[in-house]
Amino acid sequence: MGSGENDTLLQPEPEDITLAIPTNLSALFKDLVLLYARTEIQYPQLKAVTLAQWILESGWGESNLAKNHYNFGGLKWRTEMTGFATRILYQANDGPDYYCQFAGLERFIRGYWRFIDRSPYTGWEERTDSGEEFIRFVGPVYSPSPGYVDRVLALVDEAQILLDNAAEPVIAPIESPSLRGTVVLDPGHGGTRKIGGSSPNNAISASGIKEKTMTLEIALLIRDALQQIAAQNGYDLRVVLTRTADVNVGIAERANLASVERADLFLSIHFNGFNKQTSGVETYIRARTNGNVNFEEDEAFAWRIQGAVLGALRTYLPGTRDRGVKEDTASGGGVLGVLDDRALGNSSQEYPCRACLVEIEFIDVPRVDRLLNTDAQARQVRGAIAEAIAAAMVEDLQAAR
Ligand SMILES: [Zn+2]
């Protein structure tokens, strides 16, 4: 190739190109920057100066060669480009000529470096200490336009800014969730008839609100809180309820849902009632003597729930009593069917499901009823309990990994 022959498209006048990064930079050019920022090249210190060249040659990606042929460098066709580009006849501002057409952005980037690695630029690899050294060497051949090198150098800072910004991931990488699990929430009681050992209601609050209504409402709040935690952290959490309406479900059927759903956690939710004076939070687990195959796991889960409920209540009622985690032998009937391991899907060989039953408070106590149901901030208190329980369940899922 003769030295007087232009290797690339002659550039428009300097005032035609803005030095500042245009606010309406095209998606195509942004994609080019993003790809170049992530592409490994032999001399990464030359990325900014070569991108500056492409900015100048393509007018920030707006030239027809760029938009139609992925040719951001104004590269004319040369036979050495065979395999990197195809030849197209293009009517440029300095007359018709053959130019390189690239199949895409990646092909252009590779093609540009192939273009430089031809005989007119022999020795370029000894001029790679800096972008300026490189462009002062290749520039006069690349484009004999007067002042070409200075015009490229004037764009290097902007090119570097684009590359630096592109180095930040634009979208979060798609990863498998850091936590996954299935949770069954069991709002106690429901409906109007006793079904499969489940009474329709047990406790009634001092103001007349039924336990079955409160258990369902708090279960739905826990579900919301769990789904919010999952959404915020990218967790894959499935939340299943044994009932979502005022209907009763048999005891065994409730526990069996954990088995069917292959749940990691089963939480039965109740409120207590006794003599309008006894109060406090207590959580039950299957006793060893009742055949618990994963007592330690249940116990750890139960203490998390117990602590969560207690903590939330004590924020509003500091004297709230901690009645502790108890074995179900200490419950009224000596056994709680909803904590039956076999129904939950656990055996002595495999016990994927941790289970407990929380009695949140004694709602027949007027002080407790006001706190949970009738005070101005009652709704807020119930929300706080639900959020604390949800956080405790997530903590238990994390601990079990
Ligand atoms: Zn109950």
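What you are looking at is a predicted structure, and each value in this text was computed from that prediction instead of being measured. In each ligand, atom 1 is the first atom listed, and ligand 1 is the first ligand listed. Only heavy atoms go into these numbers, but all of them, side chains included; no hydrogens, no water, no symmetry mates.
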| Atom nearest to the Zn ion (ligand 1) - His270, N, O or S atoms considered | ND1
| query | Quick check: does Glu359 put an N/O/S atom under 2.8 Å from the Zn ion (ligand 1)? | reply | no
| query | Between Trp124 and Tyr43, does the ring centroid distance fall short of 6.0 Å? | reply | yes
| Parallel, tilted or perpendicular: rings of Trp60 and Phe29 (30°, 60°) | perpendicular
| message | For Tyr36, run the ring-ring contact (aromatic ring centres under 6.0 Å, His included) check against Trp113, Tyr112, Phe72, Trp54 and tell me which one passes. | response | Trp54
| query | What angle sits at the Zn ion (ligand 1) between OE2 of Glu211 and NE2 of His189, to 10°? | reply | 90°
| Using the benzene-type ring in the case of Trp, are the ring centres of Phe108 and Phe102 under 6.0 Å apart? | yes
